[in-house]
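To keep things clear, I will list the structure first and then write my remarks on it.
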Amino acid sequence: MNIRRTLLLAALLGTSAMAAQAQTLRIGLESDPDALDPDKSRTFVGRIVFTALCDKLIDVTPDLKLVPQLATEWSVSEDGKTVDMTLREGVVFHDGTPFDGEAVKANIERSQTLEDSVRKSEVSSITEVEVVDPTHVRLRLSAPDAPLLAQLADRSGMMMSPAAFDDDFSAQPVCSGPFKFKNRVAQDKIELEKFADYWNADQIKVDAVSYLPIPDSTVRLANLQSGDLDLINRLAATDVEAVKSAGNLKYERADGLGYQGITFNTNNGAKADNPFGQDPKLRQALSLAIDRNAINQVVFAGLNAPASQFVPAVSPFFDPAYPVPERDVEKAKALLAEAGIEGGIDLELQFPNRPESQQVVQMIQAMAAEAGINITLTAKEFATMLADQAAGDFQASQVGWSGRIDPDGNIYGFVTTGGGFNDGKYSNPEIDRILGEARAVSDEAARKDLYKQANQILQTDLPLFYLYNEAWLYGVSDKVAGFTPSPDGMIRLEGVSLSE
Amino acid sequence: MLTYLARRVMIAIPTLILISIFVFALQKMLPGDPVLALAGDDRDPETLARLRELYHLNDPIWMQYLQWVKNALQGDLGRSIRTGLPVSDMIAQKLPVTIQLAVMSMIFAAAIGIPAGIISAVKKGTITDYAANVIALSGLSIPNFWLGIMLILLVSVKWRLLPASGYVPLSEDPVQSIRTMLMPAFVLGTALAASLMRHTRSAMLGVLRQDYVRTARAKGLAERRVIMHHAFRNALTPVVTLMALLFGELIAGAVLTEQIFTIPGFGKMVVDAVFNRDYAVVQAVVLVTALGFILMNLLADLAYVALNPRLRTG
């Protein structure tokens, strides 16, 4: 009897001690997110916070398959113009509002109509959201839209509580994700706490999560080493050895969807009128003069993946016919000779003033010189560089893209006529047709074939070429268990636990 | 005294207006705009055009400026284009942080710089004087970011004595709050201590040569009393001016130190805002900083009066 009582007391004390010690997972990010409103958000780090805060209709697996989150199933009609979705039952928003078909309708309409929504173009194909019943919705589309499902697996598919829709949503965001908003101090921290009524609450093992923006990667690492952070995003490649050799830290890595490359001005204003802008042979020559593996080894300790096309090797749309080109200086020289270039040629290359970019372009400069291409480098602050790029004030630009799950998001806007990211104003009716068609068919095999055709043309034309796919590198305290990195770079907290 | 105060305040108004015009114009001279600066992920031209329209970025600059002035006069400092949060809230969050850091840094600076200055003046030409000079100069010469990172690596990573970075509000946990601020305040304080020490030393040297000091010594007063009561008090005026100016600079934010220790103060906010072309935030921070400077100068002037009885009448 006495023993039982002691045990009971011990158990009670144990639980109360545990309850008193709320477990907070502290994550170091590389910058401060922008507005915490999925319809207004434009930053990558913002998406990381939303992963904990706002569930989406659809989620993505590490091998880039679309899987249920708030929608349990979906089907696209034969003509591609209707999407039927079944919604998860028993889901509530953080403010207690139930999640149902009406909420889906309200959310998509908000993305389409909110004055400063940046999601409009992502959901523009939806003409009507029909609420069949509380757990079924039907999206009617103006035309087939293959990338739409991938958009619904990102910010366009994030569901906010309709009761919280107003101008100040970003100050007090209310969604239905595993964690609810607690507090934000700009440039300092974003604090979330576990949402007890989450539909998948069993999978959530920590009581709270804080995101701390720390721009300097050395300082981010120091915070991890000192135990002030549990997980850091964007570990510098050069710091991986330090993490590996520290006894109490782990390092995690995933191939990313994003790339870095070189974009040429082929058609944007007077500056396009240069040999590299006009002759694809010169662009091919530069691409061949570059040793992508060497760049990866020297600047990134071999941790990124050298790249040759607009999707990374992990994507089902990767075309094995175009592996990473080997460096071939002789062939590069031959191409220059074919183009009638004698005694070297000049090229201006602009790049963002970040240490890693600088190292990359300096290596390119040295390698290109061996082939007879004299590169002049200009470092620019990022916003200035983008402004110059859009204005056509460049010959070539070292620029990248954070990457999307659907191949369309990595190529369409960059090479189609009038595309939003097509700063070189490359224009090829054949490419416009193929990539337009690839948007409209939903059969994966047919899409693969179309992207293959596009790739064939682009590999010869080279309006832009690729250098490497960025890997996501994380430093993780050994107190953290269950963290799986993902190609989309999101930090998913299902199954992540923290031991004392 | 009151008319003096009123005159000072009147002078402050055109200063503030000029500063705000100057900063507004400078920002507009930067290439790019907030819509583009945020566009790393989304550069859809239609979206960019719509946002520019929405934020009135296509209006003539003078119209944008007048709009800002009109709202500011009504107490509305606008919203951050990046975070969508009201700028006044952001300032209210950061001002206490910056003031706390400034006060703690000033304490370090004064505690190191003033005694070192007095000692090296009194012991002029001796080894103590040289040693103090070397220490002061190294405080000036060592870059803040380097000292900061070294301190983090030593104190936080190796010895685990203090948190590496971050910030806890004073109201939430005073002890932890002071602990997080100790290293950044020390880094800032050592840099300021050097100039305080140099100024204290030269002011003291000047005063120590004065007749009344000789008189005090001749009266047979203890040397300690001569130095502290007769010499130091009179040497304080330039030191107080310098402290007020340094404090004003601290209010403007210590960019690198805040960045390294991730302290959410003005410096970090204004740098991020410039990179993001977040005009409203930059304008507001500059305005508050300018006000801080003016206030500090005013306090310094009042302190002269308190220190120097000759100024009290007239």
Side-chain angles (χ1 to χ4, degrees), chain A residues 26 28 31-37 40-44 46-47 115-122 167-171 184-189 212-216 218-220 222-229 380-388 390-391 401-402 413 418-421 423, chain B residues 30-48 50-51 54-55 79-86 89-90 93-94 97 145 148-149 152-153 155-158 160 162-167 169 258-265 268-269 271-273 275-277 281:
Chain A
R26 296 154 305 172
S31 59
D32 195 29
D34 56 339
L36 290 181
D37 179 334
K40 296 180 187 175
S41 162
R42 304 171 74 193
T43 55
F44 175 77
R47 283 161 69 197
E115 204 181 16
D116 48 353
S117 160
V118 293
R119 303 274 91 81
K120 285 181 184 175
S121 60
E122 297 173 7
D167 258 3
D168 263 341
F169 185 89
S170 52
R184 174 179 195 176
V185 178
Q187 276 110 359
D188 182 29
K189 63 186 164 194
L212 298 100
I214 303 178
D216 189 296
T218 312
V219 177
R220 214 151 58 237
N223 274 272
L224 181 71
Q225 289 169 322
S226 68
D228 292 302
L229 289 177
K380 289 182 179 173
E381 183 256 334
F382 193 58
T384 308
M385 190 178 101
L386 288 183
D388 288 353
W401 175 238
S402 65
F421 307 97
D423 290 329
Chain B
L30 285 175
D33 62 31
V35 169
L36 194 65
L38 250 174
D41 272 17
D42 292 287
R43 272 184 275 158
D44 178 38
E46 186 216 329
T47 310
L48 297 187
R50 203 156 35 75
L51 292 181
L54 190 69
Y55 298 138
R79 274 171 189 270
S80 156
I81 289 186
R82 186 179 169 91
T83 59
L85 303 174
D89 289 6
M90 290 170 74
Q93 274 177 344
K94 280 156 206 293
V97 183
F145 65 89
I149 290 181
I152 292 180
L153 291 179
V155 179
S156 304
V157 177
K158 204 164 156 62
R160 305 209 163 202
L162 292 171
S165 56
Y167 168 73
E258 287 182 13
Q259 197 88 3
I260 286 166
F261 292 97
T262 55
I263 290 175
K268 204 157 142 42
M269 174 155 83
V271 168
D272 283 2
F275 279 126
N276 294 321
R277 311 287 191 270
V281 176

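Naming convention: chains lettered A, B, ... in sequence-line order (proteins, then strands); numbering from 1 in each chain. Since this is a predicted model, take the numbers as computed values, not measurements.
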Look up atom NZ in A:Lys40 and atom CD1 in B:Ile81, then write down how far apart they are to the nearest 0.5 Å. 12.0 Å
Tell me, please, which residues at least two apart from A:Asp388 pass salt bridge (Lys or Arg N to Asp or Glu O under 4.0 Å). A:Lys380
Using 0.5 Å steps for rounding, measure from the CD atom of B:Glu258 to the CD atom of A:Gln187. 9.5 Å
Measuring heavy-atom distances to chain A, does B:Ile260 have an atom under 4.5 Å in its side chain, in its backbone, in both, or in neither? both
Salt bridge flag under 4.0 Å for residues A:Arg184 and B:Asp89: no
Can you tell me how far CG of A:Asp32 sits from OG1 of B:Thr83, rounded to the nearest 0.5 angstrom? 7.5 Å
For B:Met269, is it the side chain, the backbone, both or neither that has a heavy atom under 4.5 Å from a heavy atom of chain A? both
Quick one: are A:Arg42 and B:Val35 in side-chain contact, heavy atoms under 4.5 Å? yes
Is there side-chain contact between A:Val219 and B:Gln259, with heavy atoms separated by less than 4.5 Å? no
Could you look at B:Lys158 and say if it's the side chain, the backbone, both or neither that has a heavy atom under 4.5 Å from chain A? neither
B:Arg50 side chain to A:Val118 main-chain N or O, any donor-acceptor pair under 3.5 Å? no
Report the residues that fulfil side-chain hydrogen bond (donor to acceptor under 3.5 Å, both in side chains) with A:Arg220, sequence neighbours left out, ordered by chain and then residue number. none
Most contacts with chain B, counted as non-hydrogen pairs under 4.5 angstrom, among A:Leu229, A:Leu212, A:Thr218, A:Val185: A:Val185
Separation between CZ of B:Phe261 and CG of A:Asp216, rounded to the nearest 0.5 Å: 11.5 Å
Just by distance, do the side chain of A:Asp188 and the backbone of B:Pro264 share a donor-acceptor pair under 3.5 Å? no
Interatomic distance, B:Leu162 atom CG to A:Asp228 atom CG [nearest 0.5 angstrom]: 10.0 Å
Could you tell me which portion of A:Gln225 (side chain, backbone, both or neither) has an atom closer than 4.5 angstrom to a non-hydrogen atom of chain B? both
Part of A:Ile214 lying under 4.5 Å from any heavy atom of chain B: both
Sort A:Asn223 into side chain, backbone, both or neither according to what part of it lies under 4.5 angstrom from a heavy atom of chain B. both
In this structure, CG of A:Asp34 is separated from CG of B:Asn276 (nearest 0.5 Å) by 9.0 Å
